[in-house]
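This report refers to the structure that appears directly beneath it.
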Amino acid sequence: MCKRNGSIDFWKFIFSLVIMSFHSIYFAGDEKFLFYNGANMVEFFFLVSGFLMAESVMKQDTQGTAVWKSTWRFLFHKIKGMCPEYYVAWAVSFVIKNAAGGILPLRLIGKHAILSIWELFFLRMTGFNDYNANGATWYISAMLYVMLIFLPLFFVNKGFFLHILAPIGALSILGSLYASTKVLRGNTDWMGFCYKGLLRAAGVLCVGCICYLACQKLKELQFTCLAKSLLSFVEIGGYLFALYWTFGHGSSKMEFIILVLFAVSVTISFSHQGILAPLFDNRASYWLGRFSFPLFLSHHAWSGRMNRLFPGHSYSELFVRYAVLSVATAFAVYFISGMVRKIYAKYQGTLQGLLFAPRSR
């Protein structure tokens, strides 16, 4: 039985496309670009990550296991699930940023490689934010670091974290951002003690945990056909309204309203209670969900190089080239990662034998 959620997978792909389109801002100049507030789509991914974190922790029997061990085991499993795509996409992005439009001097390339160590170890949003080969990695760094903070609290007392700490965290963190900055964007704005992107991640991950609680309640209910239809209407309507708003509007307080709509839609999607839910459960949706991660990781380097590669072209002409290059790069990352995974599985024992001596009995 497939454990994937077709609706979530489908919207992962759609919102990855929106984020890719939004990053055309880097070559739009004074022209209008697609999805003015496409960065707001990241909230969907944080919500899903928070939901899945809560679901995973609640399923684990950690009795008798040290909190630190449960925490790092969860994080290593999370990182393993993003590999090798994360590193393949990073390598491809590094080449693009240092070679597209003219190869940079070898000395500068070497400096970039050294300064990228923070990005390679997911430390970018902790404050070690220097040269970044792949701009999209801020999301992963923020997510992992916030999880490192939350998970020990979660494992110590699961019920207390879900029912008390998560709601308090969501209201306190997001409320402070609403009062102080009015928007969620501004990932590398320094807030005095951390980047704004970390607060954004923490607040929305907390909301994702609340979505998990609401989803469990929703699953317990028996709905009529009419109620299931209304649930699907609210679910799809929330996603579509977010798309509509971000297409023609810039950053504003509406980002917080979109977050609420996302939270409702994500809860319904995971509950699988909507009448349209079975339509999304197919191989096409599952594949789009898997492909969304390479797409999310593969476009950012191109967006900052389009004017150098194709000088004198209009935004629409550049966007077509940008979309083609981004999707092609995503396919390359997808297939290379698949090959790396197969090779590693085949020669795992040999590689381990080269690196580790057998244990003495």
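Quick caveat, the model's predicted, so the values are computed rather than measured.
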Heavy-atom closest contact (A201 atom, A142 atom, distance):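 Heavy-atom minimum between the residues: CB-CB, 3.9 Å.
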
- request: For residues M191 and S180, report the shortest heavy-atom separation together with the two atoms involved.
  value: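 Taking M191 first and S180 second, the nearest heavy atoms are CE-OG, 4.4 Å.
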
Quick check on the 6.0 Å ring-centre criterion: do [X] and [Y] meet it?
{"X": "F331", "Y": "F291", "result": "yes"}
{"X": "W287", "Y": "Y334", "result": "yes"}
{"X": "Y86", "Y": "F293", "result": "no"}

task: Look at the side chain of E235 and the backbone N and O of I268, then say whether any donor-acceptor pair between them is shorter than 3.5 Å.
output: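 Such a contact is absent between E235 side chain and I268 backbone.
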
What I want to check is whether the side chains of [X] and [Y] have a donor and an acceptor closer together than 3.5 Å.
{"X": "H300", "Y": "N132", "value": "no"}
{"X": "T329", "Y": "W302", "value": "yes"}
{"X": "S49", "Y": "Y139", "value": "yes"}
{"X": "Q273", "Y": "K228", "value": "yes"}

Flag if over 12 foreign heavy atoms under 6.0 Å of NZ, K219: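 Check passes, neighbour count above 12.
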
hydrophobic_cluster_shared for V234 and Y244, side chain cutoff 4.5 Å: no

query: side-chain contact (heavy atoms from CB on, under 4.5 Å) with M306: which of F319, F27, Y315?
result: F27

